[in-house]
Amino acid sequence: MKSKIWLASSLVFFLIVNTHYFWIGILGVYSLIAYLILFVIFITLFVILGWHIYLSIRNNFNNNQHLILIATMLTILTSAAFRPFGLINFQNFEGKELLTAKREGVANCMTTLKLMESKKFIDKSVCFGITEIRGDYSVNGDTIFFKNIKPRRQEQGYYKLAIISYANSKNRNILEELKRYRSLNDTIPNVLIVIKNELIN
């Protein structure tokens, strides 16, 4: 009975780790707690694995239930150790990154904005936790408009538009920064440094 419980626990752990892409950005500052809990679960499962290996050796590997549990747990824990964010990089399904802009704040906090070929954007902030905002965008000249913000609670406070500013107006291939505005009347933009641009040529 206990073997079935540990087998089920291992499978649930595997599922949580491999769906990390979909839920981690929702937790915000609580993401650190989630990572800590997952780490504790990983160590616990590792200890249980060691115990069942010992039992199997003592019983000359005659217990098939132990062998199935060992094989399953060993596979899951090995995959988690080498691919802690999951076996599949779900961001690849969003399409190619057309524009990437970043800014490092105090305490090594990092904000990264990515505009994807699928007309989706991902705004990720890593600062004592992970916060992720998603949505759609459209482009008109040098201006980027954000819409359909998710999660919904961020919709009213998120940026309405962004303008690409060039270091040299005569050479539009030299990008300097992306200025984000919360409204058309906003005079103090949030500035990100553009490190990749295939959005506007």
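Just so it is clear, the model here is predicted, and its values are computed rather than measured.
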task: To the nearest 0.5 Å, tell me how far Ser165 OG sits from Ile193 CD1.
output: 9.5 Å

Non-hydrogen side-chain atoms of Val126 and Cys109 separated by less than 4.5 Å: no

- line: Applying side chain to side chain donor-acceptor pair (under 3.5 Å) to Glu117 and not counting sequence neighbours gives none

- prompt: Distance from Ile5 atom CD1 to Leu69 atom CG, nearest 0.5 Å?
  reply: 11.5 Å

query: Do Arg182 and Lys160 have side chains that get closer than 4.5 Å, going by heavy atoms?
result: no

- request: Could you pull out all residues at least two apart from Ser183 that satisfy side-chain contact (heavy atoms from CB on, under 4.5 Å)?
  value: Asn185, Asp186

CG-CD1 distance between Leu7 and Ile70, expressed to the nearest 0.5 angstrom: 12.0 Å

query: Between the main-chain N or O of Asn62 and the side-chain N or O of Asn60, is there a donor-acceptor pair closer than 3.5 Å?
result: no

message: Taking side chain to side chain donor-acceptor pair (under 3.5 Å) as the definition, give me every residue that meets it alongside Asp136, ordered by chain and number, with sequence neighbours left out.
response: Lys120, Asn148

message: I'd like to know whether Glu97 forms a side chain to side chain contact (heavy atoms under 4.5 Å, CB included) with Lys196, so could you lay out the CA-CA distance, the side-chain angles of the two residues, the decisive distance to 0.1 Å, and finally the verdict.
response: CA-CA 9 Å; Glu97 291 179 22; Lys196 175 184 178 179; 4.0 Å; yes

- request: Kindly give the cluster partners of Ile188, where membership spreads through any ILVMFWY side chain lying under 4.5 Å from a current member.
  value: none

Sequence neighbours excluded - salt bridge (Lys or Arg N to Asp or Glu O under 4.0 Å) pairs with any residue from residues 121-130: Asp123-Arg180, Lys124-Glu132

task: State which residues pass side-chain contact (heavy atoms from CB on, under 4.5 Å) with Thr75; sequence neighbours excluded, sorted by chain then number.
output: none

field: Contact check, side chains of Tyr137 and Leu98, non-hydrogen atoms, under 4.5 Å
entry: yes

task: Share the residues that join Tyr181 in a hydrophobic cluster, the rule being Ile, Leu, Val, Met, Phe, Trp or Tyr side chains under 4.5 Å apart at the heavy-atom level.
output: Phe145, Leu161, Ile163, Leu184

- request: Would you mind reporting whether Ser79 and Leu87 have side-chain heavy atoms less than 4.5 Å apart?
  value: yes

- request: Decide whether Ile68 and Trp6 are clustered together by the hydrophobic rule: side chain heavy atoms of Ile, Leu, Val, Met, Phe, Trp, Tyr closer than 4.5 Å, transitively.
  value: no

- prompt: Is the side chain of Asn18 donor-acceptor paired with the backbone N or O of Leu15 at a distance under 3.5 Å, no angle test?
  reply: no

- request: Could you give me the CA-CA distance, side-chain angles and deciding distance for Ser138 and Lys147, then say whether side chain to side chain contact (heavy atoms under 4.5 Å, CB included) is met?
  value: CA-CA 8 Å; Ser138 59; Lys147 54 188 177 181; 4.3 Å; yes

Side chain to side chain donor-acceptor pair (under 3.5 Å) partners for Arg83, two or more places apart: none

query: Can you find a pair of side-chain heavy atoms, one from Leu178 and one from Asn190, that are under 4.5 Å apart?
result: no

- request: Go through the structure and list residues passing side-chain contact (heavy atoms from CB on, under 4.5 Å) with Ile195, not counting sequence neighbours.
  value: Thr100, Lys102

- request: Please examine the side chains of Lys96 and Glu198, heavy atoms only from C-beta on, and report whether any two atoms are closer than 4.5 Å.
  value: yes

Side-chain heavy-atom pair Leu113, Ile122 within 4.5 angstrom cut-off: no

query: Can Phe14 be reached from Val12 by stepping across I, L, V, M, F, W or Y side chains whose heavy atoms are under 4.5 Å apart?
result: yes

Could you tabulate the donor-acceptor pairs under 3.5 Å formed by side-chain atoms of residues 29-55, not counting sequence neighbours?
unit_1 : atom_1 : unit_2 : atom_2 : d
Ser31  : OG     : Gly28  : O      : 2.7
Ser31  : OG     : Ile130 : N      : 2.7
Tyr35  : OH     : His20  : NE2    : 2.8
Thr44  : OG1    : Val40  : O      : 2.8

- prompt: Of all heavy-atom pairs between Ile133 and Phe121, which one has the smallest distance, and what is that distance?
  reply: O-CE1, 3.9 Å

- request: Drop me the distance from His66's NE2 to Met73's CE, to the nearest 0.5 angstrom.
  value: 11.0 Å

- request: Check whether any side-chain heavy atom of Thr143 sits under 4.5 Å from a side-chain heavy atom of Ile164, and report yes or no.
  value: no

field: Least distance between heavy atoms, Phe146 atom then Leu115 atom
entry: CE2-CD2, 4.3 Å

query: Which heavy atom of Ser56 sits nearest a heavy atom of Leu67, and at what distance?
result: OG-CD2, 4.3 Å

